[in-house]
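Chain letters run A, B, ... following the sequence lines, proteins first and then strands; every chain starts at 1.
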Amino acid sequence: MIDTLNVTVERADEYAVISLEGYLNQNSGEKLAQVCHQLIDEGIRHLAFDFEKVAMVNSIGIAILIEIIERLREFNGKIHFYKPRDVIARTFRIMGLTQFSTIFPDRESAIEAFK
Amino acid sequence: MNLREAKKEAELVIPMISNWELVAAETAAVVAALVGFPQKQIDEIRLSVVEACINAFEHSASDDNKVYVKYIVSEQMDRLCILITDHGKGFRPETLRTPNIEDSIRCGRKRGWGIELIRNFMDEVNIKSCGHGTTIMMTKSKVGKEGTDA
């Protein structure tokens, strides 16, 4: 089975930046969820996802993002996305993710909004 | 030179195996590019094909474990119609309900968004289903709606 999503994590004190590259589907989403739950267990409260290199998503992969949002809400945490393709940003809006997370144009603004 | 020009159609059969939906989606993207769709619409078509295929993978319970995809370009080269067919158990399209994020967060029901996304990204969506299979027919025109949530 090919690994469809590369996940890279950069940690700061209370937040982490997670850069993604590839296809967010069920398998890769579950792998991403494991990474996020580990970070939350370690005290990370805010997550910024770099979507610039995400070429494709599907609704099952995004449903897993909703689970991560749920978990962070328990800690009043925030989820920010930046640089998603237009079709992915619209998918987030259609599925209602933007009620519980925010899309930013770039990394700097996504991180600044945590402070 | 042929007196009658060949129809601009292509057919593809993919196995119901995770990630093979990308084969159908990328083929759709190539056909859409040949027709001259802009990249934004190609992305919408590609995502819609992914959703239709994984719906078939997840819900059809077909015996042959295959999805049949047909791409039809209009004579005027301004419209692409894609049919995604499985030979599964079928369902009643009228029972589909529009999901919402509140249910997802509150009730743990996080699936069921595929058809909703396809309806947002394509101009026309028709679902025909019976006890021996389902076909989702989706159409997009080069000059069509850009999505209801743009």
Side-chain angles (χ1 to χ4, degrees), chain A residues 1-6 21-33 51-79 81 83-103, chain B residues 16-26 28-29 32 37-59 96 98-122 140 145-150:
Chain A
M1 174 64 66
I2 59 168
D3 198 356
T4 60
L5 189 74
N6 291 322
E21 181 175 359
Y23 176 31
L24 177 60
N25 61 2
Q26 181 167 10
N27 293 331
S28 61
E30 286 170 356
K31 173 183 157 189
L32 174 62
F51 261 69
E52 184 174 16
K53 294 180 180 173
V54 176
M56 174 66 77
V57 298
N58 70 33
S59 57
I60 303 175
I62 295 179
I64 293 170
L65 289 178
I66 296 174
E67 292 176 8
I68 299 167
I69 289 172
E70 277 180 330
R71 178 89 196 281
L72 272 178
R73 274 164 56 91
E74 295 171 19
F75 303 101
N76 294 317
K78 294 177 185 171
I79 280 198
F81 300 98
K83 288 192 172 178
R85 287 182 179 215
D86 182 72
V87 71
I88 295 175
R90 285 180 49 210
T91 301
F92 285 174
R93 287 195 282 271
I94 293 164
M95 291 181 65
L97 265 73
T98 45
Q99 292 178 44
F100 301 100
S101 61
T102 311
I103 298 173
Chain B
M16 291 185 172
I17 298 173
S18 180
N19 294 332
W20 281 75
E21 70 275 15
L22 294 176
V23 177
E26 293 309 316
F37 279 91
Q39 188 60 49
K40 181 181 175 186
Q41 286 190 307
I42 292 173
D43 286 345
E44 293 166 351
I45 292 166
R46 186 192 275 131
L47 194 142
S48 298
V49 171
V50 161
E51 291 298 330
C53 288
I54 61 174
N55 252 8
F57 291 5
E58 286 228 309
H59 304 299
L96 283 174
T98 304
N100 69 70
I101 187 80
E102 300 290 348
D103 284 349
S104 294
I105 294 283
R106 195 174 53 245
C107 308
R109 186 180 182 279
K110 298 178 178 61
R111 300 292 188 86
W113 287 92
I115 298 297
E116 183 67 16
L117 290 174
I118 295 167
R119 285 184 171 142
N120 270 271
F121 288 134
M122 301 297 282
K140 196 167 186 72
K145 68 172 184 178
E146 291 280 314
T148 56
D149 195 49

### Query
Do you know which two heavy atoms are closest between Leu47(B) and Val87(A), and how far apart they sit?
CD1-CG2, 4.3 Å

### Task
State, to 0.1 Å, how close Ile94(A) and Trp113(B) come at their nearest heavy-atom pair, and which atoms those are.
O-CZ3, 3.4 Å

#### Entry: Residues in ring pair (Phe, Tyr, Trp, His ring centres under 6.0 Å) contact with Phe51(A), at least two apart in sequence or another chain
Phe81(A), Phe92(A)

### Query
When you look at Asp43(B) and Asp86(A), which way does the side-chain contact (heavy atoms from CB on, under 4.5 Å) test go after all the steps?
CA-CA 9 Å; Asp43(B) 286 345; Asp86(A) 182 72; over 6 Å; no

### Message
For Gly114(B) versus Ser59(A), what's the shortest heavy-atom pair and its separation?
### Response
N-OG, 4.1 Å

### Query
Between CG of Asn19(B) and OH of Tyr23(A), what distance do you get to the nearest 0.5 Å?
6.5 Å

### Task
Any chance you could lay out the side-chain contact (heavy atoms from CB on, under 4.5 Å) test for Glu58(B) and Ile60(A), step after step, and finish with the verdict?
CA-CA 11 Å; Glu58(B) 286 228 309; Ile60(A) 303 175; 3.6 Å; yes

## Note on the structure
Greatest number of non-hydrogen atom pairs under 4.5 angstrom with chain A, of Glu21(B), Glu51(B), Gln39(B), falls to Glu51(B)

### Inter-residue atom distance Ser18(B).OG - Asn25(A).CG, 0.5 Å rounding
5.0 Å

## Note on the structure
If one checks every heavy atom of Asn58(A) against chain B at 4.5 Å, the contacting part turns out to be both

#### Entry: Distance (rounded to the nearest 0.5 Å) between Phe121(B) CZ and Thr91(A) OG1
3.5 Å

